[in-house]
Amino acid sequence: MVDRNKICFILCTNDEQQLDECMMYLSLLHVPDGFSVDVVTVWDAKSMASGYNEGMCSSDAKYKIYLHQDTFIVEPFFLDKLIKIFKKNPKVGMVGIVGAPKLSKDGVMWHEPRCGNFYRLDELAEAGFDGIEKVKRGIREVEVVDGFLMATQYDLPWREDLFHGFDFYDVSQCLEFRRAGYRIVVPGQKTNWVIHSCGAPGFWDYEKNRKILLREYPEIAAGQQHRKRILFLHSKQIRSIGIAVALTQLGHNVFIPAVEITLENGGSADLRDQEAAEELLEEGHYDLAVTYDFSQGLSNACQNFRVPYYAWVYDSPLMGLYSKEALHEVNFISVFDRKQYDRLKPLGLKHLFYLPLAPEIDNFGAVHIGKRDEKKYTCDVSFVGRLYNNRGFEEIFDDEGAGYLKEARGIIEEMGCVWKEGVSIFDKASEGLIDYMASKQSEDTWESWNISRRYFCESMRLARKCNEVERVKILEALQEKFPVVLYADASAKQVLKSITVKPWLDYGTEMPKVFYLSKINLNITSRSIESGIPLRVWDIMAVGGFCLTNYQPELEEYFEIGKDLEVYHDLKEMEEKIAYYLANDDKRIRIAINGYKKVREKHSLKTRIMEMLDVVFGKDGGLDEPECGDVEKS
């Protein structure tokens, strides 16, 4: 016979000191009027499930609280509040302190956001790994609760037939209650009801029990086949989170650890990054790892664990794509320049595809602009970009190389600030110039990177010097006719003494304001980007800024020139269009609005990420062999 006015605490224990402390807290609890309280301890149980079954069968109490020995209840009226929840909600079969509204498809509770409240004494909490949403009032329904405290008002057998250790017994019991039609909830807690003094978790037979769980409860993964568990890693160089936000908006489970990796720019993979990534991949059961640009260390880790790795590349060229790690078959790499794709494809990158860049509309394009911002950033013409000065180009050439320096300067001068089909920095240098510049590189360069000496010298030496020469020439010419503001690093002031040079901008908080408040935003594409559209163009248009950019062959694939944005083919045309659009506000504003609408409707980062996922997993969500190449046609 069930005693409806009895509460029983059931503890599995193997530590007398911890048990004594737990019992001390229990002795301080207020007991609701008319109720009695009992405690059943099970010593040295073979498993949590068997121990809890033994305790459950030995008590006739209607209300049972299954408690870890290292869990201390500090809310004096805990029992009153618990009984109130159960009596008010007969369909609530179980109450926990911390739970997950949605159980991850891999069966691991903390791989999805959790809710509740407790005071946790361990090193993981100090490191910031909790991420628990506080429930302050009422009750929150969840799918599973953490096993350190599980209170029930109905008895269901614990599955000791399946779980012979100390993992997943709690998830299993929650699923048994849900199968029986009961609800599971976490109560609101303005203050902590419980202290959990957990030590380091043990993972003996953890993976074995996880597989048993998934086999016995297929409902865990049901309906979640297309929902991916994704590891997104920041780098020390790039802190953007737009991709992670887009993936979350698409319904995927994205984990961003505190670990930062390195985007290698020379030499071999970073072993520390590889080891850190392997630790994450070993426990995380990830479907995909993602970064901005490419990490050789992460690629190695993903190859070892057979986890697909997607690299969203927005530099051209990116030296990491010429490393041996770029050849791993788990890599999925997108580049935004068709000519760069054509250069890389013969090198054997397994899943290389073309995908244009896109702006982070939801955060980059949603910055609040106040009167102080208007005063600070409003201008006629602005250019946000570095000059590429101080790159040591001249230092390459000693007295013996004077003739080659003259040739290099002649090639750069020949470019003449002209952007038209057929005008290129590539394939102009003599073999002598290429050999000379290549000889100034360490031999490690050619051993580490699968890149031709010609392409390296043209893209990393000639193109960068050309960027500097052209940007200085353009800005000096414009300054004579228009008020121009340059946002660059401090070294630009030494080169452009008569131009207003302001400090480099924070990408997320300041740059959008400049793009919106500048009447004309200039884009001067790096000469190493042969056909593609750089991110700066997309970012300007994402905030409703007017974009005047040099001509790039791919622009007409996505925009109507003169309607969505404007282009120039040479310095003279640039000056003419700046003058025209400064004098014609209505036309300039109309183009800015059209560009803004087109980018938001057709070219959001979320749209691009959907296309990427189709390549990686196939359109049906399965990991198929993709048809790599173009994924964006219009």
Side-chain angles (χ1 to χ4, degrees), residues 7-15 17-26 29 39-42 45 47-53 55-56 63-75 78-79 81-82 85 93-101 103 107-126 129-135 139-140 142-152 158 163 165-177 184-189 191-204 206 209 213:
I7 303 166
C8 180
F9 289 96
I10 299 174
L11 295 95
C12 292
T13 185
N14 61 1
D15 187 315
Q17 183 176 351
Q18 279 200 324
L19 177 63
D20 288 345
E21 187 171 1
C22 179
M23 294 290 287
M24 183 270 291
Y25 281 97
L26 296 184
L29 297 179
V39 178
V40 173
T41 57
V42 180
S47 68
M48 295 298 286
S50 65
Y52 282 166
N53 270 336
M56 181 183 73
Y63 305 103
K64 296 182 175 69
I65 302 169
Y66 301 89
L67 194 67
H68 284 189
Q69 63 186 5
D70 56 7
T71 299
F72 313 131
I73 302 174
V74 295
E75 167 54 54
F78 170 78
L79 296 176
K81 295 179 178 183
L82 180 66
I85 291 171
M94 182 185 296
V95 174
I97 296 299
V98 170
L103 178 60
V108 180
M109 188 184 312
W110 57 84
H111 284 176
E112 288 282 0
R114 292 180 293 165
C115 63
N117 199 3
F118 74 111
Y119 189 78
R120 182 171 173 175
L121 299 175
D122 73 351
E123 65 278 5
L124 294 179
E126 293 176 5
F129 287 107
D130 272 335
I132 297 173
E133 178 193 357
K134 300 296 187 289
V135 179
I139 56 175
R140 177 82 59 85
V142 295
E143 290 190 354
V144 290
V145 294
D146 195 301
F148 67 81
L149 190 153
M150 303 171 74
T152 65
W158 295 75
F163 300 99
F166 302 91
D167 299 308
F168 296 105
Y169 67 92
D170 47 0
V171 177
S172 167
Q173 190 68 352
C174 290
L175 293 170
E176 293 292 333
F177 267 70
I184 303 170
V185 302
V186 168
Q189 305 159 62
T191 58
N192 298 314
W193 290 10
V194 166
I195 295 173
H196 188 205
S197 179
C198 59
F203 292 103
W204 190 264
Y206 179 87
N209 284 310
L213 179 81

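Only a predicted model underlies this, so the values are computations on that prediction, with no experimental measurement involved. Positions are given from 1, in the same order as the sequence printed here.
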Item to check | Side-chain touch H68/M48, heavy atoms, less than 4.5 angstrom | outcome: yes

Next on the checklist: Whether the side chain of N117 engages the backbone of Q189 through a donor-acceptor N/O pair (distance < 3.5 Å, no angle test) should be reported.
Outcome noted: yes

Item to check | Among V95, D170, I97, V98, the one residue meeting side chain to side chain contact (heavy atoms under 4.5 Å, CB included) with L149 | outcome: I97

Next on the checklist: Please evaluate residues Y52 and K64 with respect to the criterion side chain to side chain contact (heavy atoms under 4.5 Å, CB included), reporting the C-alpha separation (whole Å), side-chain torsions for both, the decisive distance (0.1 Å), and the verdict.
Outcome noted: CA-CA 10 Å; Y52 282 166; K64 296 182 175 69; over 6 Å; no

Checklist outcome for this item: In terms of heavy-atom contacts, M150 and Q173 come closest through CE-CB, 4.2 Å

Checklist entry - At their closest point, which heavy atom of G55 faces which heavy atom of V40, and how far apart are they? => result CA-CG1, 3.9 Å

Next on the checklist: When you compare the side chain of F168 with that of L175, does any pair of heavy atoms fall below 4.5 Å?
Outcome noted: no

Next on the checklist: Once rounded to the nearest 0.5 Å, what's the spacing between atom OG1 of T41 and atom CG of L67?
Outcome noted: 12.0 Å

Checklist entry - What residues, two or more places apart in sequence or in another chain, satisfy side-chain hydrogen bond (donor to acceptor under 3.5 Å, both in side chains) together with E112? => result R227, N253

Next on the checklist: Is there a side-chain contact between Q18 and T13 in this structure, where contact means two heavy atoms from C-beta onward sitting under 4.5 Å apart?
Outcome noted: no

Checklist entry - For the residue pair Y25 and F72, does the interplanar ring angle fall in the parallel (under 30°), tilted (30 to 60°) or perpendicular (over 60°) class? => result parallel

Next on the checklist: Can you tell me how the ring of F148 sits relative to the ring of H196, calling it parallel under 30°, perpendicular over 60° and tilted otherwise?
Outcome noted: parallel

Checklist entry - In Å, rounded to the nearest 0.5 Å, how long is the span from CG of D167 to OG of S172? => result 12.5 Å

Checklist entry - What is the minimum heavy-atom distance between V145 and V185, and which atoms define it? => result CG1-O, 4.3 Å

Next on the checklist: I need the minimum non-hydrogen distance between I195 and V74, along with the two atoms involved.
Outcome noted: CD1-CG1, 3.7 Å

Item to check | By side-chain hydrogen bond (donor to acceptor under 3.5 Å, both in side chains) - contacts of N14 (at least two apart) | outcome: Q69

Next on the checklist: Do L79 and F9 have side chains that approach each other closer than 4.5 Å (heavy atoms only, starting at C-beta)?
Outcome noted: yes

Checklist entry - Hey, does P113 have a side-chain heavy atom less than 4.5 Å from the side chain of E133? => result no

Checklist outcome for this item: Nearest heavy-atom approach of C115 to V135 is CB-CG2, 3.8 Å

Item to check | Validation row: S47, Y169 side chains within 4.5 angstrom (heavy atoms) | outcome: no

Checklist entry - Where do F163 and V171 land on the side chain to side chain contact (heavy atoms under 4.5 Å, CB included) test, with the steps shown first? => result CA-CA 11 Å; F163 300 99; V171 177; over 6 Å; no

Checklist entry - By side-chain hydrogen bond (donor to acceptor under 3.5 Å, both in side chains), which residues pair with T152, not counting sequence neighbours? => result none

Checklist entry - So do L26 and I73 actually touch side chain to side chain, heavy atoms under 4.5 Å? => result yes

Checklist entry - How far does CD of E21 sit from CG of L19, to the nearest 0.5 angstrom? => result 10.5 Å

Checklist entry - Which heavy atom in V142 sits nearest to a heavy atom in G99, and how many Å separate them? => result CG1-C, 4.1 Å

Checklist entry - Do I7 and L82 touch side chain to side chain, with heavy atoms closer than 4.5 Å? => result no

